[in-house]
Amino acid sequence: MIIQSQKISLLAVLLYCLSTGLALPAKGQELSGSSKETVEALGRIRHINAGVLNVGYAESGPAEGPAVILLHGWPYDIHSFSSVAPILARKGFRVIVPYLRGFGSTVFLSARTFRNGQQSALAVDVIELMDALQIRKAVIGGFDWGARTADIVAALWPERCIALVSVSGYLIGSPEAGKKPLLPEAEQAWWYQFYFATKRGETGYRTNRIAMAKLIWQNASPHWKFSDSTFNLSARSFENKDHVDIVIHNYRWRIGAAKGESRYAGLEKRLKNFPVISVPAISIEGDDNGAPHPDPKSYARMFTGRYMHRTVLGGIGHNLPSEAPEAFAQAVSDAYMMAQ
């Protein structure tokens with residue numbers, strides 16, 4: 001794997017001499033029935049009430065280590081970080097990998113809560129998880145939905161963010177911006193967003209979500225030869241009873257085809273002005289990302305603190321943490337060092 005780095009040079013990365021171990025939080029409760037692969041790679045799945053959710057999450061590494069929160073996207077889940085988390089745990093980080101709302105074993109505490117997929121709601125989920133786990137600050141990293149969520153946490157709550165690692169860089173948007181037409185080639189890449197805007201698309205995804213997820217994986221990472229067993233580990237997460245509602249609302253909200261909740265209106269008002277990110281940050285991109293993504297040059301100015309961009313070569317697609325785990329883990333380590 002080759003990494004091209006730009007803008008700043010780093011000091012040598014801090015190497016920890018702590019041995020690998022699983023640190024299970026006192027407040028968490030073990031979820032029975034975790035798969036063998038999940039236990040080996042990410043630790044046993046724990047649950048904790050946080051805001052409107054009961055969040056399922058994996059934790060590894062020493063409890064006293066610097067916290068790292070890793071956020072997945074759609075249609076993926078925590079298994080995108082199966083190889084990243086052990087690397088970071090061996091370096092001495094406390095690694096938290098939560099299922100997003102609508103995925104895996106994360107569930108709503110109340111049947112009356114609106115199944116909201118808007119960007120600020122997912123970011124608030126992260127802050128409330130940090131509060132529940134008594135984590136004051138963390139390195140936040142992610143891709144796809146997770147990168148957007150990480151960007152928002154870094155932009156709106158910089159005091160809670162040690163540093164940021166974001167695949168595809170600055171992804172904060174707004175329904176107003178989402179209404180602006182793109183060039184036809186770019187619009188074609190967002191076909192599923194428009195599909196989801198229709199009743200047919202909602203029914204189609206509810207009926208064929210596994211087949212559609214596999215298609216997205218293939219198109220977004222054209223050179224990644226993932227196995228059926230790898231895909232099936234994540235595909236289980238899409239059986240969450242709220243999954244379809246969250247996904248459909250997320251994409252409809254983005255283009256102004258669905259309303260958000262008033263409780264998040266203040267946050268969305270700040271986000272529509274595209275706030276800059278001042279915390280130390282590394283944006284990272286695969287050289288063969290088949291999913292819609294911006295040119296790194298278009299968002300570099302949105303990072304006003306210590307910042308660098310990396311392009312990972314070798315046919316690396318959209319699911320960068322799975323396809324290039326060493327590069328992603330190194331970016332987390334380096335971002336943490338940038339903040340010291």
Tell me whether the centres of the aromatic rings in Phe143 and Phe328 are closer together than 6.0 Å.
no

Using a 4.5 Å cut-off on heavy atoms from C-beta on, say whether the side chain of Asp242 contacts that of Phe108.
yes

Please give me the minimum heavy-atom distance between Gly169 and Asp151, naming the atom from each residue.
O-OD2, 2.7 Å

What is the minimum heavy-atom distance between Cys161 and Ala154, and which atoms define it?
SG-CB, 4.0 Å

Are Leu133 and Tyr57 close enough that some pair of their side-chain heavy atoms sits under 4.5 Å apart?
yes

I'd like to check Arg263 versus Asn116 (side-chain heavy atoms, cut-off strictly below 4.5 Å). Are they in contact?
no

Heavy-atom side-chain proximity of Pro98 to Thr106 below 4.5 angstrom
no

Donor-acceptor under 3.5 Å (His293 side chain, His318 main chain)
no

If the condition is side chain to side chain contact (heavy atoms under 4.5 Å, CB included), which residues does Lys199 pass it with, not counting sequence neighbours?
Glu202, Thr203

Check whether more than 12 heavy atoms from other residues, nucleotides or ligands sit under 6.0 Å from atom CD of Glu185, and answer yes or no.
no

Before giving the answer on side chain to side chain contact (heavy atoms under 4.5 Å, CB included), spell out for Leu71 and Trp145 the whole-Å C-alpha distance, their side-chain angles and the decisive distance to 0.1 Å.
CA-CA 8 Å; Leu71 304 172; Trp145 288 21; over 6 Å; no

Where Pro275 and Leu156 come nearest, the two heavy atoms and their spacing
CG-CD2, 4.3 Å

Ring centers of Tyr299, Tyr170 separated by less than 6.0 Å
no

Working note: Glu128 + Leu53, criterion side chain to side chain contact (heavy atoms under 4.5 Å, CB included); need CA distance, chi angles, decisive distance, verdict.
CA-CA 9 Å; Glu128 291 179 332; Leu53 302 172; over 6 Å; no

Crowded around Gln188 CD? As in, over 12 foreign heavy atoms under 6.0 Å?
no

Are Phe93 and Ser333 close enough, and set up right, to give a side chain to side chain contact (heavy atoms under 4.5 Å, CB included), and what steps lead you there?
CA-CA 9 Å; Phe93 290 99; Ser333 297; 3.8 Å; yes

To the nearest 0.5 Å, tell me how far Tyr99 OH sits from His79 NE2.
5.0 Å

Working note: Leu100 + Asp125, criterion side chain to side chain contact (heavy atoms under 4.5 Å, CB included); need CA distance, chi angles, decisive distance, verdict.
CA-CA 8 Å; Leu100 301 186; Asp125 289 347; over 6 Å; no

If every non-hydrogen atom of Ser174 is compared with every non-hydrogen atom of Phe274, which pair is closest and at what distance?
OG-CZ, 4.4 Å

Verify the cluster assignment for Val247 and Ile78: are they in a single hydrophobic cluster under the rule of side-chain heavy atoms below 4.5 Å apart?
yes

Could you check whether any side-chain N or O of Glu323 sits under 3.5 Å from a backbone N or O of Gly317, counting only pairs where one atom can act as donor and the other as acceptor?
yes

Ser80 backbone acceptor or donor facing Ser322 side chain under 3.5 Å
yes

When hydrophobic residues are tied together by side-chain contacts of less than 4.5 Å, even through go-betweens, does Leu109 share a cluster with Val124?
no

Under 3.5 Å donor-acceptor, Asn54 side chain and Val107 backbone:
no

Sub-4.5 Å side-chain heavy-atom contact between Glu187 and Phe194
yes

For Arg148, the salt bridge (Lys or Arg N to Asp or Glu O under 4.0 Å) test, sequence neighbours excluded, returns none

Using the ring-ring contact (aromatic ring centres under 6.0 Å, His included) criterion, which residues pair with Phe114? Sequence neighbours excluded.
His249

So, Arg236 and Asn232: side-chain donor and acceptor under 3.5 Å apart, yes or no?
no

Can a donor-acceptor pair be found, under 3.5 Å and without considering hydrogens, that links the side chain of Asp144 to the backbone of Gly146?
no

Partners meeting ring-ring contact (aromatic ring centres under 6.0 Å, His included) with Phe231 (sequence neighbours left out):
Trp217

Note: Asp228-Lys214 ion pair, threshold 4.0 Å (strictly below)
yes

Student check: side-chain heavy atoms of Leu182 and Trp190 closer than 4.5 Å
yes

Passing candidate, side-chain hydrogen bond (donor to acceptor under 3.5 Å, both in side chains) with Glu59, options Arg46, Arg44, Arg94
Arg94

Could you check if a side-chain atom of Asp131 sits within less than 4.5 angstrom of a side-chain atom of Arg160, using non-hydrogen atoms only?
yes

Least distance between heavy atoms, Ile255 atom then Ala197 atom:
CD1-CB, 4.1 Å

Applying a strict under-4.5 Å side-chain criterion to I, L, V, M, F, W and Y, I'd like to know whether Tyr195 and Tyr251 cluster together.
yes

Distance-minimising heavy-atom pair for Ile45 and Ser105:
CG2-OG, 3.8 Å

Got Asn273 and Arg270 here, is their nearest side-chain heavy-atom distance under 4.5 Å?
no

Against Tyr205, only a single residue in Tyr192, Phe238, Phe196 fulfils ring-ring contact (aromatic ring centres under 6.0 Å, His included); can you say which?
Phe196

Could I get the full list of side chain to side chain contact (heavy atoms under 4.5 Å, CB included) partners for Ala138, not counting sequence neighbours?
Ala67, Ile69, Met130, Ile135, Ile140

For Glu268, give me all partners under side-chain hydrogen bond (donor to acceptor under 3.5 Å, both in side chains), at least two apart in sequence or on another chain.
Gln118, Gln119, Ser120

Rounded to the nearest 0.5 Å, what's the gap from CZ on Arg115 to NE2 on His243? Could you check?
14.5 Å

I'd like to know if Ile87 and Met337 are part of one continuous hydrophobic network [Ile/Leu/Val/Met/Phe/Trp/Tyr, side-chain heavy atoms within less than 4.5 Å].
no

Go through it in stages, so that I can follow the logic: the residues are Glu285 and Ser168, the test is side-chain hydrogen bond (donor to acceptor under 3.5 Å, both in side chains), and I'd like the CA-CA distance, side-chain angles, deciding distance and then a yes or no.
CA-CA 5 Å; Glu285 187 67 83; Ser168 300; 2.8 Å; yes

Tyr307-Ser283 side chain donor-acceptor pair, cut-off 3.5 Å
yes

Taking Leu171 as the starting point, is it possible to reach Met302 by hopping between hydrophobic residues whose side chains are less than 4.5 Å apart?
no

